[in-house]
S.K.: 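Sending over a structure as structure tokens; questions will come in a sec.
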There are 2 protein chains.
Amino acid sequence: MGLCSVTLEREGGCIYLSVTGYKPGKMNINDIAGLAGVSKATVSRVLAGNPKVKETTREQIQKIINESGYQPNYLARSLSSRKTFAVGVIVEEMTNPFFSKILSMIENILNDKNYTMSISSSNWVREKELAALKNMMRNSVDGLIVSPIAMESDTIDILRKSSIPVILLNSYTDNERFSCVSSDNFQGGRLAAEHICTVPPAESVQVIAVTGYKHQTLNERMDGFYAYMDQDGSKRRRIEVYEEINTYEDGLNLVPTLLTRNRIDTVKTCLFVTNDNVAMGVQEGLLRHDIAIPGDVRLIGYDNIEFSGRCRVPLTTIEQSSGEMGRIAAMEILDMIENHNMNVRKFRLPTRLILRDSSP
Amino acid sequence: MGLCSVTLEREGGCIYLSVTGYKPGKMNINDIAGLAGVSKATVSRVLAGNPKVKETTREQIQKIINESGYQPNYLARSLSSRKTFAVGVIVEEMTNPFFSKILSMIENILNDKNYTMSISSSNWVREKELAALKNMMRNSVDGLIVSPIAMESDTIDILRKSSIPVILLNSYTDNERFSCVSSDNFQGGRLAAEHICTVPPAESVQVIAVTGYKHQTLNERMDGFYAYMDQDGSKRRRIEVYEEINTYEDGLNLVPTLLTRNRIDTVKTCLFVTNDNVAMGVQEGLLRHDIAIPGDVRLIGYDNIEFSGRCRVPLTTIEQSSGEMGRIAAMEILDMIENHNMNVRKFRLPTRLILRDSSP
DNA sequence: TCTGGAATTGTAACCGGTTACATTATTCCC
DNA sequence: GGGAATAATGTAACCGGTTACAATTCCAGA
């Protein structure tokens, strides 16, 4: 063990012992300044890459920083600079592959730019959504990406009044306060209807739509769906709607009801389910009742999650570019944060019909 | 509109104008103190629920806090109190349902306790893992839950030296520094081997194992697998291993190789794939080549993700209780944080064979 | 009315950075 | 060598809270 070199230094009238050998625990900027024999302002400048530090000084301080393993405290930095390099993301559920793909994309882009992502999920409960939002705002995130449960809510009211950049994900509003990134659900619904109306058998007599939580995206899908059906009046079918069918299990359990109420085993039927996860449940239920897909019933889903091509009968579905939604949301929030750019932009990503076995 | 009441106050020799009518923008604790005519220490005590504040004072301050919509700045609070109510989570990938289920469980539990969760994914790249870790430590998280890529790494070295609570997820080490939550992969591998050896056809002549990135969990699974196979010497099969098969596409693309190298269309074969996602790819590849499952080839996966029961031929697989892993990791980190409990505990969750059509 | 201790509140230091402004050092030119 | 301009660094206030300790207020009991 070599001896440590000890020096005497004055600071604010006190005499300090400074030892070249580093503290084992947390060092702060004062320790570095002490070791380097400069003021903490200079160290701070080096840390910030401020060009008005003499090159030799910079090198010396940098050396000490590297050797000591000093890591600046970001809380202090954030408090003082009013910038946290943190973005908060709130979604309804994070296990749904639709969302987890978006989240993953956002995370990758943010991390590349050295931003931090905190995630909360509302699980479709408004109080949780609101609590998550408040928590993030108190934590002074630089920006928020929120997939709101509803457009009329305390959450939206608070967001509207807030001064930080906000992106609404998977939602659309005319309100000038919010940038929005969503897919064109109206078009998606149309695509589904168009497919149903143009594909044989032309004589199919009933169309059953299955949707979930009352949510803007689902309303839009159904609007687009009806719009096409109305326009296509000549072939107008009997349309029946089941709502609040939210999970795989819900879909599975819906089937007996369908069978008794709609006698879909005896007539040609098209099922449009506005969520692939639920569609898989419905499919499973139908197969268990020996209903042939697409022989007896055509089945059309929505989302094109990774697994919809791999299920028992691969799903014909409407694709949303979830990865792209995540990418745009992340790029957009970064742009707003870094360039203090308050321009509101609305993104509507096109959807696409993916033909698979369940309704070829 | 009523008039605002204006009062004169002295503070530090200066005369302040205090108006009862709240600032539109951000208020801080001093503003509240000014409005209430007390010092900020008292406001801080009210905020902290400190009992030694006179009841009438508390009510009055609380009223002002409520009316003004004041939200304390958590950065400042954290800096001063050295507690952030934030937990960092690092996993390899967040789109894999195995991980997203864990993440979701952790998030729910943390949020219930008003903790914040920040997520980073390493995407199997060590440098990204390390960067994410450093970032989180600089952000002074109260605890870390990490699913490490490898046990010998800078990441682990830094974690070992760190003083905050750490949970290793999906990994195991004897090291006394770390609490671990993982499933019993050795047992899982055994279960798979046992299933293969006990199920007809007893005469099957080859076993093909397909694994991914070199990762402790996979090594353990294969160890358990071999352990059973060795012990079960009488029925010993020819075992072949393919490594570094990581994704659905990798699995799909592996099939032509399997077919030419192993002639699995002419002999009885068991395929053990240590990841359900990959197993689905392999399955798809086999089906495209008209190999019957389980007729020609038995297929056994690993993880029991939500979708493994829903694919073309539902997968026989080894279940890991991912939700439980998340739950335990979250509860454990909270316990360590809140009770300053540095007791290291190792959790090994049992696995379970799930029989489905791919190898009944 | 006085006194001591409990209850309440205020004061000021501190957490660890950033930065406007002041101060000192250096360089350049006549 | 002197003085101005410029470069480098230091000083101190500030970000918005928490908290140890000091000061004040209150009230019962003597």
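Note: hydrogens, waters and symmetry copies are ignored here, and every other heavy atom, side chains too, is used. A, B, ... follow the sequence lines: proteins, then strands. Residue 1 opens every chain.
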S.K.: Taking N and O atoms by type only, does the side chain of A:Lys40 place a donor or acceptor under 3.5 Å from a partner on the base of D:dG10?
M.R.: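 Flag unset: no donor-acceptor pair detected.
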
S.K.: Could you tell me, to 10°, how much the axis swings from one end of the helix from C:dT1-D:dA30 to C:dC30-D:dG1 to the other, five pairs per end?
M.R.: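 Axis-to-axis angle, ends of the helix: 50°.
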
S.K.: Pick the closest DNA chain D nucleotide for A:Lys52 and for A:Arg82 by heavy atoms, then say which residue is nearer the 5' end.
M.R.: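 Its nucleotide being nearer the 5' end, the pick is A:Lys52.
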
S.K.: Out of C:dG17, D:dG16, D:dT11, which has the shortest distance to the side chain of B:Asn28?
M.R.: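 Minimum distance to the B:Asn28 side chain belongs to D:dG16.
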
S.K.: To the nearest Å, give me how far apart NZ (A:Lys26) and P (C:dC14) are.
M.R.: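 These atoms are roughly 21 Å apart.
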
S.K.: Would you mind telling me which of D:dT9, C:dG17, C:dA13 lies closest to the side-chain atoms of A:Thr42?
M.R.: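 Of all the options, the side chain of A:Thr42 is nearest to D:dT9.
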
S.K.: The side chain of A:Thr57 lies closest to which of these nucleotides: D:dG10, D:dA8, D:dG17?
M.R.: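 Taking heavy atoms from C-beta onward, the closest nucleotide is D:dA8.
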
S.K.: Taking atom OG of A:Ser182 and atom CD1 of A:Ile328, what is their separation to the nearest 0.5 Å?
M.R.: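 A:Ser182 OG to A:Ile328 CD1: 10.0 Å, rounded to 0.5 Å.
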
S.K.: Tell me, yes or no, whether the heavy-atom count around A:Lys346 atom NZ, taken from other residues, nucleotides or ligands under 6.0 Å, exceeds 12.
M.R.: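 It does: A:Lys346 NZ has more than 12 such atoms within range.
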
S.K.: For B:Arg58 and C:dT9, what is the distance between atoms CZ and P respectively, to the nearest whole Å?
M.R.: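 Going from B:Arg58 (CZ) to C:dT9 (P), I get 10 Å.
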
S.K.: Rounded to whole Å, please give me the gap between NZ in A:Lys83 and P in D:dC14.
M.R.: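 It works out to 24 Å between those atoms.
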
S.K.: In whole Å, I'd like the distance from the CD1 atom of B:Ile65 to the P atom of D:dG17.
M.R.: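 B:Ile65 atom CD1 is separated from D:dG17 atom P by 10 Å.
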
S.K.: If every non-hydrogen atom of B:Ser171 is compared with every non-hydrogen atom of B:Met151, which pair is closest and at what distance?
M.R.: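 Closest approach of B:Ser171 to B:Met151, heavy atoms only: CB-SD, 4.3 Å.
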
S.K.: Assign A:Ser78 to base, sugar-phosphate, or nothing according to its heavy-atom contacts below 4.0 angstrom with the strands shown.
M.R.: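 No contact.
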
S.K.: Measure from the side chain of A:Arg77, starting at C-beta and using heavy atoms only, and say which of D:dG17, C:dG17, D:dC21 lies closest.
M.R.: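 Closest of the options to the side chain of A:Arg77: C:dG17.
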
S.K.: Are more than 12 heavy atoms from other residues, nucleotides or ligands located less than 6.0 Å from atom NZ of A:Lys113?
M.R.: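 No - once you tally the heavy atoms of other residues, nucleotides and ligands closer than 6.0 Å, there are 12 at most.
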
S.K.: Hey, mind stepping through A:Asn139 and A:Thr84 against side-chain hydrogen bond (donor to acceptor under 3.5 Å, both in side chains) and telling me if it holds?
M.R.: CA-CA 9 Å; A:Asn139 275 296; A:Thr84 54; over 6 Å; no

S.K.: Select one nucleotide: of D:dT18, C:dT9, C:dC15, the one nearest the side-chain heavy atoms of B:Leu79.
M.R.: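 For B:Leu79, the side-chain atoms sit closest to C:dC15.
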
S.K.: Out of D:dG17, D:dT11, C:dG16, which nucleotide sits closest to the side chain of A:Ser39?
M.R.: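 The listed nucleotide nearest to A:Ser39's side chain is D:dT11.
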
S.K.: Choosing from C:dT18, C:dG10, D:dG17, which nucleotide comes nearest the side chain of B:Ala41?
M.R.: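 Among C:dT18, C:dG10, D:dG17, the one nearest the side chain of B:Ala41 is C:dG10.
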
S.K.: Heavy atoms from C-beta onward define the side chain here; which of D:dT9, C:dT8, C:dG17 lies closest to that of B:Lys54?
M.R.: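 Nearest to the side-chain atoms of B:Lys54, counting from C-beta on, is C:dT8.
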
S.K.: Could you tell me the separation between the CZ atom of A:Phe85 and the CZ atom of A:Arg77, rounded to the nearest 0.5 Å?
M.R.: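 A:Phe85 atom CZ to A:Arg77 atom CZ measures 8.0 Å (nearest 0.5 Å).
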
S.K.: Hey, is A:Glu55 close enough to A:Arg58 for a salt bridge, meaning N to O under 4.0 Å?
M.R.: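 Counted as a salt bridge, because a side-chain N and a carboxylate O are separated by less than 4.0 Å.
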
S.K.: Would one find a side-chain N or O of B:Tyr70 under 4.0 angstrom from OP1 or OP2 of D:dG17?
M.R.: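 Answer yes for this pair, as a side-chain N or O of B:Tyr70 is under 4.0 Å from OP1 or OP2.
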
S.K.: Any side-chain N or O of B:Ser80 less than 4.0 Å from the OP1 or OP2 oxygen of C:dC14?
M.R.: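 B:Ser80 to C:dC14 OP1/OP2: no side-chain N or O under 4.0 Å.
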
S.K.: I need the minimum non-hydrogen distance between A:Thr95 and B:Ser104, along with the two atoms involved.
M.R.: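 Answer, listing the atom of A:Thr95 first, then B:Ser104: CG2-CB, 3.5 Å.
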
S.K.: Between C:dG16, D:dT18, C:dT9, which nucleotide has the shortest distance from any of its atoms to the side chain of B:Val53?
M.R.: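 Looking only at heavy atoms from C-beta outward on B:Val53, the closest nucleotide is C:dT9.
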
